[in-house]
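Encoded as structure tokens, the structure appears first; notes follow it.
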Amino acid sequence: MDFLTLQPAEWQALLLTLKVAAAALLVALPLAVMVAYGLARYRFPGHGVVNALVHLPLVLPPVVTGYVLLLAFGRNGPIGSVLQDTFGITFAFNWTGAALAAGVMAFPLMVRPIRLSFEAVDPKLEDAARSLGARRLVSFLTVTLPLALPGILGGAILGFAKAMGEFGATITFVSNIPGETRTLALALYTATQSPSGDLAAFRLTIIATIVAFGALIASELLARRLRKRLGGADA
């Protein structure tokens, strides 16, 4: 099984992928919860447009998303130049840019299950909490959020898995720099471009498959456990 032993550069790519996916999840998940709750609970002019924009990265070619990020967050972009000059934050050709691209691509996959979880929570429970004197934020944190937790955790794990496998937007936005932006997917792509890279590509494929499969199984197990716990609490 020595052929499955990762080389130092491959370990570097794996660890960078975990770092990028964790950063993407940390930033994107709170925003996904807020957007999902807004879409689930409120109807407002432009609701359909907002919903379409949220899910746009799912249907756009990832290269298009990466190019838009490069235009907006590049060193000469309207947002990127301000962030760099004011806060010293650089996204283009940096691991932070890889995290941004991964978060954007994973965002719709997080919003969908979270929104469905919020829609499954009876609004009358929130109304009852507010009728007892709880403020809207308090009722959200103590009633709605715990009941929607299975969907939130499921969306978070799916988003994390998607962020780990992101390729098209990442390579367009931050290129393929060893040790800086070369994630697992980019390392696999690099291996396939080398005449002697078949073994490395096979190793990376196995690792990527195990991680993605493990994330999906973990998502299902956590959701089931939380549903049983919440069901027992209701009983």
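Just so it is clear, the values below take in all heavy atoms, side chains as well, and ignore hydrogens, waters and symmetry mates.
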Exercise for review: For residues Thr90 and Thr96, determine if any side-chain heavy atom of one lies less than 4.5 Å from a side-chain heavy atom of the other.
Suggested key: no
Check your understanding: Ala40 and Glu119: which non-hydrogen atoms are nearest, and at how many Å?
Key -> CB-CG, 3.6 Å
**Study point:** Ser175 side chain to Ile171 backbone, donor-acceptor under 3.5 Å
**Key:** no
Point to revise | ILVMFWY network linking Leu15 to Leu26, side-chain heavy atoms under 4.5 angstrom | key: no
Review point. At their closest point, which heavy atom of Ala201 faces which heavy atom of Ala191, and how far apart are they?
Key: N-CB, 3.8 Å
Exercise for review: Spell out, yes or no, whether Tyr42 and Met34 are grouped together once hydrophobic residues are joined by side-chain heavy atoms under 4.5 Å, including indirect joins.
Suggested key: yes
Point to revise | Interatomic distance, Leu100 atom CG to Asn94 atom CG [nearest 0.5 angstrom] | key: 11.0 Å
Exercise for review: Answer with yes or no whether the hydrophobic clustering places Phe173 together with Leu83; edges join I, L, V, M, F, W, Y residues whose side-chain heavy atoms lie under 4.5 Å apart.
Suggested key: yes
Review point. Side-chain heavy atoms under 4.5 angstrom apart, residues restricted to Ile, Leu, Val, Met, Phe, Trp, Tyr: same cluster for Ile79 and Val82?
Key: no
Review point. Does the side-chain contact (heavy atoms from CB on, under 4.5 Å) test come out yes or no for Val104 and Phe107, once each step is laid out?
Key: CA-CA 5 Å; Val104 169; Phe107 189 73; 5.7 Å; no
Review point. Can you hop from Val111 to Phe160 via hydrophobic side chains spaced under 4.5 Å?
Key: yes
Practice item. Let me see the working for Phe167 and Val63 under side-chain contact (heavy atoms from CB on, under 4.5 Å), right down to the final yes or no. Key: CA-CA 9 Å; Phe167 172 78; Val63 174; over 6 Å; no
Point to revise | Exercise: identify the closest heavy-atom pair between Thr142 and Val138 | key: OG1-O, 2.6 Å
Exercise for review: To the nearest 0.5 angstrom, please state how far the CD atom of Gln12 sits from the OG1 atom of Thr183.
Suggested key: 12.0 Å
**Study point:** Crowding at OH, Tyr189 (>12 non-hydrogen neighbours, <6.0 Å)
**Key:** no
Revision key, fill the gap. Between Ala106 and Ala163, the two heavy atoms sitting closest are CB-N, 4.3 Å
Review point. Which distance, rounded to the nearest 0.5 Å, do you find between the CG of Leu149 and the CD1 of Ile114?
Key: 10.0 Å
Review point. How long is the span from the CD1 atom in Ile177 to the CH2 atom in Trp95, to the nearest 0.5 Å?
Key: 14.0 Å
Review point. What's the spacing between Leu14 CG and Ile207 CD1 if we round to 0.5 Å?
Key: 6.5 Å
Check your understanding: Within the distance-only criterion (no hydrogens, no angle test), does the side chain of Thr172 pair as donor or acceptor with the backbone N or O of Ala169 below 3.5 angstrom?
Key -> no
Review point. Is Val27 close to Leu31 at the side-chain level, that is, under 4.5 Å between some pair of heavy atoms?
Key: no
Exercise for review: Examine distances only and state if a side-chain atom of Glu166 and a backbone atom of Gly168 form a donor-acceptor pair shorter than 3.5 Å.
Suggested key: yes
Review point. Is any side-chain heavy atom of Phe44 less than 4.5 Å from a side-chain heavy atom of Val50?
Key: yes
Review point. Could you go step by step and tell me if Met105 and Thr170 meet the side-chain contact (heavy atoms from CB on, under 4.5 Å) rule?
Key: CA-CA 10 Å; Met105 295 302 297; Thr170 302; over 6 Å; no
**Study point:** Atom pair CZ/NE2 of Arg112 and His55 - distance to nearest 0.5 Å
**Key:** 5.5 Å
Check your understanding: So which heavy atom on Leu25 is nearest to which on Ala156, and how close?
Key -> CD1-O, 3.5 Å
Check your understanding: Would you find more than 12 non-hydrogen atoms of other residues, nucleotides or ligands less than 6.0 Å from Asn76 atom CG?
Key -> no
**Study point:** Min side-chain heavy-atom separation Ile152-Leu145 under 4.5 Å
**Key:** yes
Exercise for review: Please work out which of the three classes, parallel, tilted or perpendicular, describes the rings of Phe118 and Phe140, given edges at 30° and 60°.
Suggested key: tilted
**Study point:** From CA spacing to verdict: side-chain contact (heavy atoms from CB on, under 4.5 Å), Leu125, Thr144
**Key:** CA-CA 8 Å; Leu125 296 175; Thr144 311; over 6 Å; no
Revision key, fill the gap. All heavy atoms of Gly155 vs all of Met110, minimum pair found to be O-CG, 3.1 Å
